[in-house]
Each structure stands twice: as structure tokens, then as C-alpha cells.
Amino acid sequence: MTAESVSKEADLKTLQSVDASYCMPTYRRLPVSIVRGEGAYLWDDEGKQYLDFFSGIGVCNTGHCHPAVVEAVREQVGRLIHVSNFFYTEPAIRLCERFSKSSLGGKVFLCNSGAESIECAIKIARKRSYSKSGVAGGRIVVVERAFHGRTLGALSITPQPEKQDPFHPLYKEVDVVPRNDPDALASAVDDETIAVIVEPVQGEGGVHVISDEFLSIARDSCDRHDAILVFDEVQCGMGRTGTMWAYQQTGVVPDVMTSAKALAGGLPIGAVVAKEEMGDVFAVGDHASTFAGGPVVAAAALAALGVIDDEDFLFKVREMGEHFGDGLNRLVSDGKAADARGRGLMRAFDLPEGRSASELVMKGLEEGILFNAIGERTVRFLPPLVVEMEEVDEVLNFISENAGQV
Ligand SMILES: *Cc1c(COP(=O)(O)O)cnc(C)c1O
């Protein structure tokens, strides 16, 4: 292929055949080739428009190609792309400051993905415990059906047999407690526990809101046994639930928080922030990443934070989220859905027994509405946070008309 033909939009059949030959088959892709995005909309190679309630798995919270993100990237990419952490670069250092001030107020480690942010949190827990006792190791408590990522450390604390089984041995020092069972949690945490890791709203596990009571017992148990409380806000953070960070609605403040997905407006990033007293657990040489905090991605993240960390913006997310949640609850009362869950613009519902979530996804694709199935009957919505009332209504109407047909 010449450079010119590569730059042209390849047709779907060609892409599917090249994909089948050259890409490891780890993804089940929808049969569509996306070539452009703007705000809450995407376009395929034939010019068909889609309303996107998928947002790249909760990455494009600012909407596709938000002008502030595009401008920041354009400006930075022509000036300096990479130089490594052997040097000071302003975007990365400003990003640590900005991210910290929006959340726990302590020090930040930047990385490149959600799984990496989890690996970093696990290493903080281990290093802290090792520094105290001189003994490495210790147990980590997690919640059933949690999702923390696919690298071996993160996979170890992602208690989903279908994801773990082929990849043992994983860390064994992991205790899994039922979701929203504070008593089970309290008895799982003991002096061998070094960390409790929780998604305040579980994402991949089916959009389950973790109760304030559970989180506050997690806080107490960690304090009692000198373990650290880690909130994984990779999916539920960055304005997704209607506050900058999901923990801000729970009354519970973690010691360490992870972020990734939406933090850089669509570019790959991960980040970990610790409370002030945990900020110096790592010393020089304890952790590093070649690409971490690169100028382009850091500039994008500063722009994305600028858009989302704004009271009026977040107020609107809460408003749209309530409207969406009310609509989904109405589907439940009408018998079209079995259960609706979520907070802010992180929503899901289960179809009634015998119905198929993936068929509803395919129907949506036909009609130009994108969302995803996370289980046989569970449908998840992660619209861009810039979504408007009419767009939420369009999706609600679509479900109302089609939930009974799949
Ligand atoms: C997506 C996700 C991860 C993993 O992020 P990657 O960037 O895919 O490694 C971790 N935790 C949560 C809560 C997630 O949603």
C-alpha cells in the first residue's frame, strides 16, 4: 500500500480481513469502521452518524475531539513530544499539581493506563508495609466482580474466574468480599491486610454503586488495622458520576486514588494520587515509567481537567444523570427492564429474563445509537458528559421501543 492509499478510509470488509490476519483476536468488534468524532457523535466510513453512549469505555468524557483538548495537543505536539523523566517538563509537573488539588491534595505518580495505576497503588501498599515491618507481602481485600485491569497484579485483584483462569499463578494473598456486605468486609480486614481496593461505582462488574456504609466500614477497618484504602476511580472518576471524583459523594476519603480512562481527554494516561502522609512512600528508583507524563498527554489532561473540573459543568452532569436515571427507572416500572442502576452519567440496566443485551446493541448500531453490553442481559451507558437532554431522551425512547424486541 502506498502512503496515499493508507490515509484513505479503508472499507470495512478490507479492515476486517486485515484484522483477522494481523491483529490478535482479543476483541469482539462491532461491524463498523469509525473515522471521525465530534462531541457526542461519531461517523463511520460511509458517513453514517451515531450518537455515542459508549465514549470509548468512558474515556471521552469531554466529548470527542473537544476543542480545548485538540488545541492543547496541537500546540504541544509541534514543540516537544518526549524527553523522559530525567528532565523537568512543565505539563507533567503542572498536571500533578492540578490533579492533586482536584482530589486528595498529596503527591501524584503519572503512568499510562488504568492497570498501571493499579499496579502502582499495589506497590505503594507493599512498600509502605515493608518499610514499617521489614516484611514484604501482605493481603489485599477486594470486592466481588471488581475490575481493576488485565496486567498480572491488577488481574490478581480482579476476581472474575473467566478472566483469571488461564493466567495463574496470580497473587494468592487476595481476599474477596461480597459487594455491599459491611460485616464480611470488617471481618476480612485484619493485621495482615495492607490495602482495601474498591471502585466506588463498579464499572465492568455491571455498574453497581457501592454503598456509603460499605465504604465507611472500609475506611474504619483500614484505620483500625493500618491498611490503606484505595479507591479505583479509573472509570467512575473525572466527572462521570456528577462530581469531579466519585468519592466526593460518599463521605469517605481514601488514602490513595487511581485515575486513567478519561483523565487525558482521550489520550492514554494513568495516575495515582495519595493523601499527604502517603506521598513519600516511594523513593527514587522504586517506580518509573518511560512514557509517563509525556508533554503531549499531560497537556491534553490539563485541558480535560480544565473542562470537567468546573462547578457548572458538573452540575449539568448531575442534572442529565438524574434525568437519565429517572427514565431508566420508568422502564423498570413499565416492565421493560429488570433493574436499573448507576450514578450521574454512569448507568446500566438489566433486560428481563430471556432478552439479549448484545442484540439490543446491534439494533442500536443499526439505528445509529452506540452503547455496550456487559453481560448477557446487562446494558451499560457511558455517554460523553457534554450530552444534552434531547440525546438522553433519544436513547430512552430507543430502549423503550426496542427492549421488548430482542
Ligand atoms: C478500565 C479499568 C481499569 C483498567 O484500565 P486500563 O487502562 O484498561 O488498563 C481499571 N480499573 C477500572 C475501574 C476500570 O474501569
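Counting starts at 1 for both ligands and their atoms, following the listed order. What you see is a predicted model; the values in this text were computed from it and never measured.
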K.L.:
Suppose I only count heavy atoms of S113 and a 4.0 Å limit; which atoms of ligand 1 are within that range?
P.N.:
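In order of number, 7 (O), 9 (O).
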K.L.:
How far is atom 11 (N) of ligand 1 from the closest protein heavy atom, and which atom is that?
P.N.:
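Atom 11 (N) of ligand 1 sits closest to the protein heavy atom D232 OD2, 2.7 Å.
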K.L.:
Mind checking whether F324 and F53 have parallel, tilted or perpendicular rings, split at 30° and 60°?
P.N.:
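It falls in the perpendicular class, over 60°.
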K.L.:
If the plane angle is over 60° it's perpendicular, under 30° parallel, otherwise tilted; pick one for F282 and H287.
P.N.:
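F282 and H287: tilted rings.
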K.L.:
Answer yes or no: does an N/O atom from A115 fall short of 3.5 Å to an N/O atom of ligand 1?
P.N.:
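By distance alone, the answer is yes.
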K.L.:
Mind jotting down which residue pairs meet the ring-ring contact (aromatic ring centres under 6.0 Å, His included) criterion with at least one end in residues 230-273? Sequence neighbours excluded, please.
P.N.:
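Pairs touching residues 230-273 that pass the test: F99-W245.
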K.L.:
Regarding E367 and K363, does a basic nitrogen lie under 4.0 Å from an acidic carboxylate oxygen?
P.N.:
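Not counted as a salt bridge, because no side-chain N and carboxylate O are separated by less than 4.0 Å.
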K.L.:
Does K132 have more than 12 heavy atoms from other residues, nucleotides or ligands lying within 6.0 Å of its NZ?
P.N.:
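Correct, the count exceeds 12.
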K.L.:
What part of E199, side chain, backbone, both or neither, has a heavy atom within less than 4.0 angstrom of ligand 1?
P.N.:
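The answer is the side chain.
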K.L.:
Determine the sole option in R145, R380, K163, R150 for which the salt bridge (charged side-chain N to carboxylate O under 4.0 Å, His left out) test with E204 is passed.
P.N.:
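For E204, the salt bridge (charged side-chain N to carboxylate O under 4.0 Å, His left out) test succeeds with only one of R145, R380, K163, R150, which is R380.
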K.L.:
Should you measure from each heavy atom of Q235, which atoms of ligand 1 turn up under 4.0 Å away?
P.N.:
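Ligand 1 atoms under the 4.0 Å threshold to Q235: 15 (O).
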K.L.:
Answer yes or no: is there a donor N or O on one side and an acceptor on the other, between the side chain of S100 and the main chain of K107, under 3.5 Å?
P.N.:
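No, S100 side chain to K107 backbone: no donor-acceptor pair under 3.5 Å.
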K.L.:
Quick one: nearest non-hydrogen protein atom to atom 1 (C) of ligand 1, plus distance?
P.N.:
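So the nearest neighbour among protein heavy atoms is K261 NZ, 1.5 Å.
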K.L.:
Test your reading of the structure: does E204 have an N or O sitting under 3.5 Å from an N or O of ligand 1?
P.N.:
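There is no such contact.
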K.L.:
Among all the protein's non-hydrogen atoms, which is closest to atom 7 (O) of ligand 1, and how far away is it?
P.N.:
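In this structure, atom 7 (O) of ligand 1 has G114 N, 2.8 Å as its nearest protein heavy atom.
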K.L.:
Do E116 and ligand 1 have an N or O pair less than 3.5 Å apart?
P.N.:
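The answer is no, given that E116 and ligand 1 share no N or O pair closer than 3.5 Å.
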